[in-house]
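Down below is the structure, laid out as structure tokens.
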Amino acid sequence: MDRRSNHLSLILALLLSVSSSSAQSFLGVNYGEVADNLPSPDATARLLKTTTISKVRLYGVDANFIREMAGTKISLVIGASNGDIPSLATDTAAASRWLSANVLAFPDTPISIISVGNEVLELGDASLASQLLPAMQNLHNAAMAAGGAAAGIKISTVNTMAVLSQSDPPSSGAFHPDLNSNLQQIVAFLQKTGSPFMINPYPYFAYQSDPRPETLAFCLFQPNAGRLDAVSKITYMNMFDAQLDAVKSALGRLGFPNTDIVVAETGWPYRGDSSEAGANLENAKAYTNNLISHLKSQVGTPLMPGKSVDTYLFALYDEDLKPGPTSERSFGLFHPDLTPTYDAGLTSGSTSVAPSTAPPQSGNSSNIPTSNMWCVPKDGVDDAQLQVDLDYACAQQGVDCGPIQPGGACYDPNTVRSHATYAMNQLYQVAGRNSWNCDFSKTAILTSENPSYASCVYPGGQ
């Protein structure tokens, strides 16, 4: 074993030794392989087992990796390539052979979805687009005929936000008219088979087209004024929810309001060219952490409340052979040596480092002593803003929002205000108990009245 292998083995051993938290059922990651410097499939499999990631999406079929995931609780999305579509569409025997080679050959590996092609409808290839649904149908029929676990695999395809002709405001969401015929049939198939509509929302690209500070805050789940949808009268507090609800509206207009949605890709690059606004480590960390906290809250979106949409982060590693701007090669959550690019809180049982202590914000220069104090929301702050505060607080290093998760001592009452109160106070306490740590864009206030109740104990007051 060479020195590099020894190094990787040591890192994995250390990660496995602290693995204790259960995986997040809604959290997945994309594993692209357009690179020449990736860890071996077995090293990647062992890395994933040390994280809270419960799902992995492959863009094709990597037999070695699929084999390494046997016996785990991490489910896989595997892909039939665009080049496979013509034969899958016209030859039922080809579909059966594909299933046999890429699914039935791995009976001990949990495979949840087969994605047929990638972004096919956006390619402008009418012939390929017309073959997409027959290919999906033939694979579905082959899986049903195979029976067993294969019969439970969902068949879908992945789309970008470019399939929408309108997305702002979210209530106006609509698909491109020239795609409606194909989409009508495809989504009917998805709904009939209980398969999800898979979409790639990227708030990063929305910010690229509108690089204002207020747009950045909206895209990063940070405190902001929100954006009112004048038709639905809903105020959106982040771009991710707005993009998903635009897709939800588009599906409704197509006649399929109950079709499930899965986020097949989303992420933020940690570096980019000088022309790529916002592509930096700080923003990537903020987006990923705040997105995960938003998903953990189980609040959902305004049009899909009460649950988190299954979301696959982009991406596990950088893909150094990808063409295009620097950002295309800079989405990786982990380096090839298995160390994290930044702390996204993905490692099971990981310990958080001390939180950063920001200087006082303008307009808040109070220096009063803040011991024996707790940070709580001001009266009159609405739930939309409190949800932003909640997501922001839970995403910060050192903040433990476990007690407000289902089964936690502070989960009840299950209201946004109650959960936000706990999280905002947590951040105030761990960030240094300075008056500016209880600001939250002027939505919070310090109190000497202990908000603890029953078995829910609020830190503070020492």
Side-chain angles (χ1 to χ4, degrees), residues 25-28 30 54-61 74-82 84-85 88-89 92 95-96 98-99 102-104 109-122 128-161 163-164 173 175 179-201 244 247-266 300-301 303-304 307-312:
S25 62
F26 47 76
L27 189 61
N30 285 270
S54 65
K55 309 171 190 296
V56 176
R57 177 188 169 212
L58 300 174
Y59 289 82
V61 178
I74 299 175
S75 65
L76 303 185
V77 176
I78 61 173
S81 71
N82 290 355
D84 291 329
I85 291 175
L88 293 174
T92 57
S96 296
W98 194 98
L99 189 83
N102 300 309
V103 175
L104 303 183
T109 301
I111 297 173
S112 58
I113 300 174
I114 297 172
S115 173
V116 181
N118 188 43
E119 303 174 6
V120 174
L121 297 179
E122 297 94 298
L128 190 65
S130 68
Q131 293 176 305
L132 179 56
L133 178 59
M136 296 169 67
Q137 291 170 325
N138 284 343
L139 272 178
H140 172 72
N141 292 337
M144 295 302 292
I153 294 175
K154 305 304 181 183
I155 312 295
S156 189
T157 189
V158 174
N159 309 277
T160 71
M161 291 293 289
V163 295
L164 297 179
F175 294 115
L179 298 179
N180 275 347
S181 177
N182 274 334
L183 280 170
Q184 183 85 32
Q185 298 175 67
I186 288 170
V187 181
F189 166 82
L190 297 179
Q191 184 149 303
K192 179 180 178 181
T193 60
S195 300
F197 183 83
M198 303 181 77
I199 191 76
N200 298 345
L244 286 186
V247 175
K248 182 72 171 177
S249 296
L251 288 169
R253 279 192 171 79
L254 200 64
F256 302 97
N258 299 319
T259 300
D260 285 339
I261 296 172
V262 163
V263 173
E265 289 182 21
T266 191
T301 76
L303 297 186
M304 296 178 284
K307 67 173 185 177
S308 292
V309 171
D310 285 355
T311 299
Y312 292 78

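Because the structure is a prediction, the values reported are computed rather than measured. Heavy-atom basis, side chains included; hydrogens, waters and symmetry copies ignored.
Listed by chain and residue number, Met144 satisfy the side-chain contact (heavy atoms from CB on, under 4.5 Å) test with Ala151 (two or more places apart in sequence, or in another chain). For Ser249, the side-chain contact (heavy atoms from CB on, under 4.5 Å) partners two or more places apart in sequence, or in a different chain, are Arg253, Leu303. In this structure, the side-chain hydrogen bond (donor to acceptor under 3.5 Å, both in side chains) partners of Thr266, at least two apart in sequence or on a different chain, are Tyr287. Applying the salt bridge (Lys or Arg N to Asp or Glu O under 4.0 Å) criterion to Asp84, with sequence neighbours excluded, gives no partner residue. Applying the side-chain contact (heavy atoms from CB on, under 4.5 Å) rule to Ala250 yields the partners Leu164, Phe175; only residues at least two apart in sequence or on another chain are considered. Ser195 pairs by the side-chain hydrogen bond (donor to acceptor under 3.5 Å, both in side chains) definition with Thr193, not counting sequence neighbours. For Thr160, the side-chain contact (heavy atoms from CB on, under 4.5 Å) partners are Glu119, Glu122, Ala162, Asn200, not counting sequence neighbours.
Nearest heavy-atom pair, Val103 versus Ile111, reported as atom, atom and distance to 0.1 Å: CA-CD1, 4.2 Å. Of all heavy-atom pairs between Pro196 and Lys154, the closest is CD-CB, 4.1 Å. In terms of heavy-atom proximity, Val116 sits nearest to Ala135 at CG1-CB, 4.0 Å. Closest of all the heavy-atom pairs between Asn30 and Ala264 is ND2-O, 2.9 Å. Taking both residues in full, the closest heavy atoms of Asn159 and Thr157 are given as ND2-O, 3.6 Å, listed atom of the first, atom of the second, then distance. Shortest non-hydrogen contact noted between Ala150 and Ala143 is O-CB, 3.4 Å.
Side-chain N or O atoms of Ser156 include none that pairs as donor or acceptor with a backbone N or O of Ser115 at under 3.5 Å. Side chain of Ser112 to main chain of Ser75: no donor-acceptor pair is present (N/O by atom type, distance under 3.5 Å, no hydrogens or angles). A side-chain donor-acceptor contact under 3.5 Å links Lys55 to the backbone of Ser25. The main-chain N or O of Asn118 is found under 3.5 Å from a side-chain atom of Asn82 such that the two form a donor-acceptor pair. Although no hydrogens or angles enter the test, the distance criterion places no donor-acceptor pair under 3.5 Å between the side chain of Ser96 and the main chain of Trp98.
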Which pairs of donor and acceptor atoms, one on a side chain in residues 185-192, lie under 3.5 Å apart (sequence neighbours left out)?
unit_1 : atom_1 : unit_2 : atom_2 : d
Gln185 : NE2    : Ser181 : O      : 3.4
Gln191 : OE1    : Thr259 : OG1    : 2.8

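Listed by first and then second residue, the side-chain hydrogen bond (donor to acceptor under 3.5 Å, both in side chains) pairs that reach into residues 129-146 come to none, sequence neighbours excluded. Sorted by first and then second residue, the pairs that involve residues 255-266 and meet salt bridge (charged side-chain N to carboxylate O under 4.0 Å, His left out), not counting sequence neighbours, are Arg57-Glu265, Asp260-Lys307. Sorted by first then second residue, the salt bridge (charged side-chain N to carboxylate O under 4.0 Å, His left out) pairs that include residues 142-151, not counting sequence neighbours, number zero.
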Check the pair Ile199, Leu244 against side-chain contact (heavy atoms from CB on, under 4.5 Å), reporting the backbone distance first and the verdict last. CA-CA 9 Å; Ile199 191 76; Leu244 286 186; 4.3 Å; yes

Would you please test Ile113 and Ile78 for side-chain contact (heavy atoms from CB on, under 4.5 Å) and show each step? CA-CA 7 Å; Ile113 300 174; Ile78 61 173; over 6 Å; no

Given side-chain contact (heavy atoms from CB on, under 4.5 Å), test Asn182 with Leu132 step by step and report yes or no. CA-CA 9 Å; Asn182 274 334; Leu132 179 56; over 6 Å; no

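Using a 4.5 Å heavy-atom cutoff, the side chains of Phe197 and Leu183 are in contact. The side-chain heavy atoms of Tyr312 and Val263, taken from C-beta on, include no pair separated by under 4.5 Å. Within the 4.5 Å cutoff, the side chain of Ile114 has heavy atoms near those of the Leu99 side chain.
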